[in-house]
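Worksheet: the structure to be examined is printed underneath.
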Amino acid sequence: MNNKAVKLNLQFHHIGKPVLLSEIESNPQTRYAKIYDMYTLDVPNKFSLPVQMHAFGKNCSLDLRIQTESHVAFTCENIEKALIDQEIIMPLYEPFKGYKCAMILVNQQPIELIATTLSEREIWGDGIFKDSLLYDEKK
């Protein structure tokens with residue numbers, strides 16, 4: 001990998017934390033992504049930090065590091081440029097219109113990169129993703 005610094009104008013977006021399915025499956029706000037056999041729950045906290053709990057089914061095809069290690073997600077202006085010469089552990093894709101993401105390793109730490117034209121209101125909670133490629137079904 002190339003260690004040359006790249007200016008990306010990264011901005012914090014959220015923290016993702018793997019948990020056991022039993023911790024989130026009974027919550028009615030838990031979303032299911034059949035494409036990855038993955039469950040996600042946005043967890044409110046007193047600091048208003050966006051934290052997502054993720055649980056994975058036995059048929060999950062995501063890299064094992066995504067399933068077992070917490071990640072930090074950042075938005076960036078040019079995701080394609082940000083991915084050049086990086087170790088990609090989740091290829092770039094567009095789970096819903098106006099939102100692209102990929103995951104890379106930085107110093108062996110999973111980092112999610114996001115490029116979006118959507119507002120935070122459109123992304124979180126009951127956002128537009130309910131009818132998307134990612135969250136197209138009820139759990």
Side-chain angles (χ1 to χ4, degrees):
M1 295 287 133
N2 184 347
N3 288 329
K4 183 180 175 187
V6 178
K7 186 161 176 78
L8 298 173
N9 195 22
L10 299 177
Q11 294 194 354
F12 173 77
H13 191 265
H14 71 270
I15 297 168
K17 180 180 178 185
V19 298
L20 297 174
L21 180 55
S22 60
E23 293 181 42
I24 64 172
E25 68 183 334
S26 64
N27 189 312
Q29 299 302 310
T30 297
R31 303 180 305 276
Y32 178 65
K34 183 177 180 181
I35 187 173
Y36 290 125
D37 193 16
M38 176 181 80
Y39 300 79
T40 299
L41 177 63
D42 300 334
V43 182
N45 57 74
K46 68 179 182 178
F47 298 109
S48 297
L49 286 170
V51 176
Q52 291 185 327
M53 302 297 182
H54 297 294
F56 304 90
K58 64 182 181 195
N59 295 317
C60 182
S61 61
L62 291 170
D63 187 286
L64 187 59
R65 292 165 288 199
I66 296 170
Q67 297 181 53
T68 59
E69 299 176 31
S70 293
H71 71 270
V72 180
F74 297 93
T75 59
C76 60
E77 293 174 358
N78 187 333
I79 196 167
E80 289 83 4
K81 179 180 177 182
L83 294 174
I84 294 172
D85 293 330
Q86 298 300 317
E87 185 175 352
I88 297 171
I89 60 173
M90 183 181 76
L92 180 64
Y93 80 112
E94 188 172 11
F96 44 94
K97 187 172 173 53
Y99 187 99
K100 293 180 183 179
C101 60
M103 200 168 295
I104 61 175
L105 286 181
V106 175
N107 297 338
Q108 299 307 305
Q109 170 64 50
I111 301 290
E112 183 176 0
L113 297 175
I114 298 165
T116 186
T117 58
L118 304 174
S119 69
E120 292 303 299
R121 184 192 62 74
E122 292 173 301
I123 295 170
W124 294 101
D126 288 329
I128 64 169
F129 52 69
K130 295 264 180 170
D131 295 318
S132 70
L133 170 68
L134 190 59
Y135 299 117
D136 62 343
E137 298 187 15
K138 289 285 186 192
K139 53 180 178 157

_What I'd like to find out is whether the side chain of Arg31 reaches to under 4.5 Å of the side chain of Met38, using heavy atoms alone._
no
*Over all heavy atoms of both residues, which pair between Lys58 and Asp37 is shortest? Give the atoms and the distance, please.*
N-OD2, 3.3 Å
*Reported OG1-to-CD distance for the pair Thr30 and Glu25, which is rounded to 0.5 angstrom*: 8.5 Å
*asked:* Using 0.5 Å steps for rounding, measure from the CG atom of Leu118 to the OG1 atom of Thr75.
replied: 12.0 Å
*Taking only residues two or more places apart in sequence or in another chain, which ones pass side-chain contact (heavy atoms from CB on, under 4.5 Å) with Asn45?*
Phe47, Leu49, Val51
*Kindly write out the residues that satisfy side-chain contact (heavy atoms from CB on, under 4.5 Å) with Pro44, not counting sequence neighbours, or none if the list is empty.*
none
*asked:* Within the structure provided, determine whether Ile114 and Lys100 are in side-chain contact (heavy-atom separation under 4.5 Å).
replied: no
*Spacing of Asn59 atom CG and Lys34 atom NZ [to the nearest 0.5 Å]*: 10.5 Å
*Between CZ of Phe12 and CZ of Phe74, what distance do you get to the nearest 0.5 Å?*
7.5 Å
*Of all heavy-atom pairs between Gly16 and Pro18, which one has the smallest distance, and what is that distance?*
O-CD, 4.0 Å
*Checking side chain to side chain contact (heavy atoms under 4.5 Å, CB included) against Ile89, which of Glu112, Met103, His71 comes through?*
Met103
*Does Ile88 reach the side chain of Leu83, with side-chain heavy atoms less than 4.5 Å apart?*
yes
*Compare every heavy atom of Tyr99 with every heavy atom of Pro95, then report the nearest pair and how far apart it is.*
CD-O, 3.2 Å
*May I ask you to check whether Tyr93 and Tyr36 place their ring centers less than 6.0 Å from one another?*
yes
*Going through the checks in order, is the side-chain contact (heavy atoms from CB on, under 4.5 Å) test met by Glu80 and Leu92?*
CA-CA 8 Å; Glu80 289 83 4; Leu92 180 64; 3.9 Å; yes
*Could I get the full list of side-chain contact (heavy atoms from CB on, under 4.5 Å) partners for Glu69, not counting sequence neighbours?*
Arg65, Pro110
*Report the distance from atom CG of Asp63 to atom CD1 of Ile66, rounding to the nearest 0.5 Å.*
5.0 Å
*Measure the CG-CE distance between Leu41 and Met53 for me, rounded to the nearest 0.5 Å.*
7.5 Å
*asked:* Checking Gln109 now: which residues fulfil side chain to side chain donor-acceptor pair (under 3.5 Å) with it, not counting sequence neighbours?
replied: none
*asked:* According to side chain to side chain donor-acceptor pair (under 3.5 Å), who are the partners of Gln11, at least two apart in sequence or on a separate chain?
replied: none
*Just jot down the side-chain contact (heavy atoms from CB on, under 4.5 Å) partners of Leu20, sequence neighbours excluded, or say none.*
Ser22, Glu23
*Does the side chain of Met90 come within less than 4.5 Å of Leu62's, by heavy atoms?*
yes
*For the residue pair Ala102 and Ile79, what are the closest heavy atoms and their distance?*
N-CD1, 4.1 Å
_Please check this pair: side chain of Thr116 against backbone of Gly98, looking for a donor-acceptor N/O pair closer than 3.5 Å._
yes
